[in-house]
Chemist: 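Please see the structure below; I have some questions.
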Amino acid sequence: MVTSEAVLKWADWAEDSPLYQHLCGVIAGDAELMRVINRLEHTPQLNILFAAVQYLMTSGGEHDLASFYPNFTNEPLSLAGVARPFRDFVLANEGEIVELGATRYTQTNECRRCLALLPMTWMSGLDRFHLVDVGTSAGLNLLLDKYHYRWGGFEWGPESPVSLVGQ
């Protein structure tokens, strides 16, 4: 169960998003929003919630909430007014948000991303290839050949403390 304290602690990780930091305080202080958070099946629940809200806002229709998001407007409104539109949006879309939380994941495990690269490397037929890793994985995907993989009934790779499982 996600607690209000855990929501406030998550805000520390959102230091580059004043909006999300502010919304963590809104969520932590609202029993109904905490109830929604705790209905989300996959973790981390706050990542799922914020991703679901943005996804639903981009899925059509105009929403008052969008005027607070820097990626939806060049001049976002003051965060002081975001609590009510956020709460209203989440509660009005609770069913869809919970469904997204049961059927979607946020990928915060950088090594697991190698599972997406592995089939491409198998199908390429190349004995050697070069992989350039640009982004947030800090080079962990460059160790593609150092991990052990299980995909269905197939296993590949050396003995490794990192074992990645696909479906």
Side-chain angles (χ1 to χ4, degrees), residues 1-117 133-144 147 149-150 160-167:
M1 176 172 201
V2 178
T3 64
S4 294
E5 292 79 18
V7 171
L8 293 173
K9 183 67 178 157
W10 187 93
D12 293 343
W13 296 103
E15 63 189 29
D16 60 340
S17 175
L19 174 63
Y20 285 174
Q21 284 185 320
H22 182 80
L23 287 174
C24 284
V26 170
I27 294 165
D30 188 299
E32 286 296 299
L33 292 176
M34 288 299 299
R35 181 186 56 76
V36 173
I37 284 283
N38 281 295
R39 288 189 64 203
L40 298 177
E41 182 176 330
H42 293 137
T43 60
Q45 285 93 340
L46 282 160
N47 292 34
I48 296 286
L49 175 68
F50 291 141
V53 166
Q54 287 220 31
Y55 173 78
L56 292 172
M57 282 196 295
T58 61
S59 296
E62 292 195 22
H63 307 281
D64 291 340
L65 181 57
S67 60
F68 294 92
Y69 279 71
N71 56 316
F72 289 116
T73 180
N74 291 328
E75 296 182 31
L77 297 178
S78 166
L79 296 179
V82 72
R84 174 59 60 190
F86 181 79
R87 183 181 199 278
D88 292 348
F89 185 90
V90 169
L91 296 180
N93 293 283
E94 180 176 352
E96 290 174 278
I97 290 169
V98 170
E99 175 67 18
L100 288 167
T103 59
R104 302 290 194 274
Y105 296 87
T106 58
Q107 180 51 273
T108 57
N109 178 337
E110 286 79 6
C111 294
R112 191 166 182 230
R113 294 176 187 165
C114 287
L115 282 168
L117 298 172
D133 188 7
V134 178
T136 60
S137 72
L140 292 171
N141 290 330
L142 296 176
L143 301 173
L144 177 74
Y147 305 137
Y149 300 86
R150 288 188 318 227
S160 172
V162 178
S163 183
L164 305 172
V165 180
Q167 298 177 355

Chemist: Considering residues at least two apart in sequence or located in another chain, which fulfil the side chain to side chain contact (heavy atoms under 4.5 Å, CB included) criterion with Glu41?
Modeler: Ala102
Chemist: Determine, step by step, whether Leu19 and Leu79 satisfy the side chain to side chain contact (heavy atoms under 4.5 Å, CB included) criterion, reporting the C-alpha distance in whole Å, the side-chain angles of both residues, the deciding distance to 0.1 Å, and the verdict.
Modeler: CA-CA 7 Å; Leu19 174 63; Leu79 296 179; 3.5 Å; yes
Chemist: Show the nearest heavy-atom pair for residues Leu40 and Gly101, with the distance to one decimal.
Modeler: CD2-CA, 4.1 Å
Chemist: Angle between ring planes, Trp10 versus Tyr20, binned at 30° and 60°: parallel, tilted or perpendicular?
Modeler: tilted
Chemist: So, for Gly81 and Pro85, which heavy atoms are closest and what is the spacing to 0.1 Å?
Modeler: O-CD, 3.1 Å
Chemist: Nearest 0.5 Å please: distance from the NE2 atom of His63 over to the OH atom of Tyr69.
Modeler: 11.0 Å
Chemist: Quick one: CZ on Arg39 to CD on Gln45, what's the gap to the nearest 0.5 Å?
Modeler: 13.0 Å
Chemist: How many angstroms lie between atom CZ of Phe68 and atom OG of Ser78, to the nearest 0.5 angstrom?
Modeler: 7.5 Å
Chemist: Any heavy-atom pair between the side chains of Ile27 and Phe50 that's under 4.5 Å?
Modeler: yes
Chemist: Report yes if the side chains of Thr58 and Gln54 come closer than 4.5 Å at any heavy-atom pair, otherwise no.
Modeler: no
Chemist: Counting only heavy atoms not in Asp64, do more than 12 sit closer than 6.0 Å to its CG atom?
Modeler: no
Chemist: What pairs with Ser67 under side chain to side chain contact (heavy atoms under 4.5 Å, CB included), at least two apart in sequence or on another chain?
Modeler: Leu77
Chemist: Work out which heavy atom in His42 is nearest to a heavy atom in Arg104; give both atom names and the distance.
Modeler: ND1-O, 2.9 Å
Chemist: Considering only heavy atoms from C-beta outward, does the side chain of Leu33 approach that of Phe86 to under 4.5 Å?
Modeler: yes
Chemist: To the nearest 0.5 angstrom, please state how far the CG atom of Leu65 sits from the CG atom of Leu56.
Modeler: 10.5 Å
Chemist: Roughly how far apart are Glu96 CD and Tyr55 OH, rounded to 0.5 Å?
Modeler: 9.0 Å
Chemist: Verify, without hydrogens or angle tests, whether His22 (side chain) and Ala80 (backbone) share a donor-acceptor contact under 3.5 angstrom.
Modeler: no
Chemist: Using modelled atom types only, decide if a donor and an acceptor are shared between the side chain of Asn93 and the backbone of Phe89 within a distance under 3.5 Å.
Modeler: yes
Chemist: Identify the two heavy atoms, one from Thr73 and one from Ala66, that lie closest to each other, and give their separation to 0.1 Å.
Modeler: CG2-O, 4.1 Å
Chemist: Look up atom CD1 in Ile37 and atom OG1 in Thr3, then write down how far apart they are to the nearest 0.5 Å.
Modeler: 11.0 Å
Chemist: The criterion is side chain to side chain contact (heavy atoms under 4.5 Å, CB included); which residues satisfy it with Ala28, sequence neighbours excluded?
Modeler: Ser4, Val7, Leu8
Chemist: Report yes if the side chains of Arg35 and Glu94 come closer than 4.5 Å at any heavy-atom pair, otherwise no.
Modeler: yes
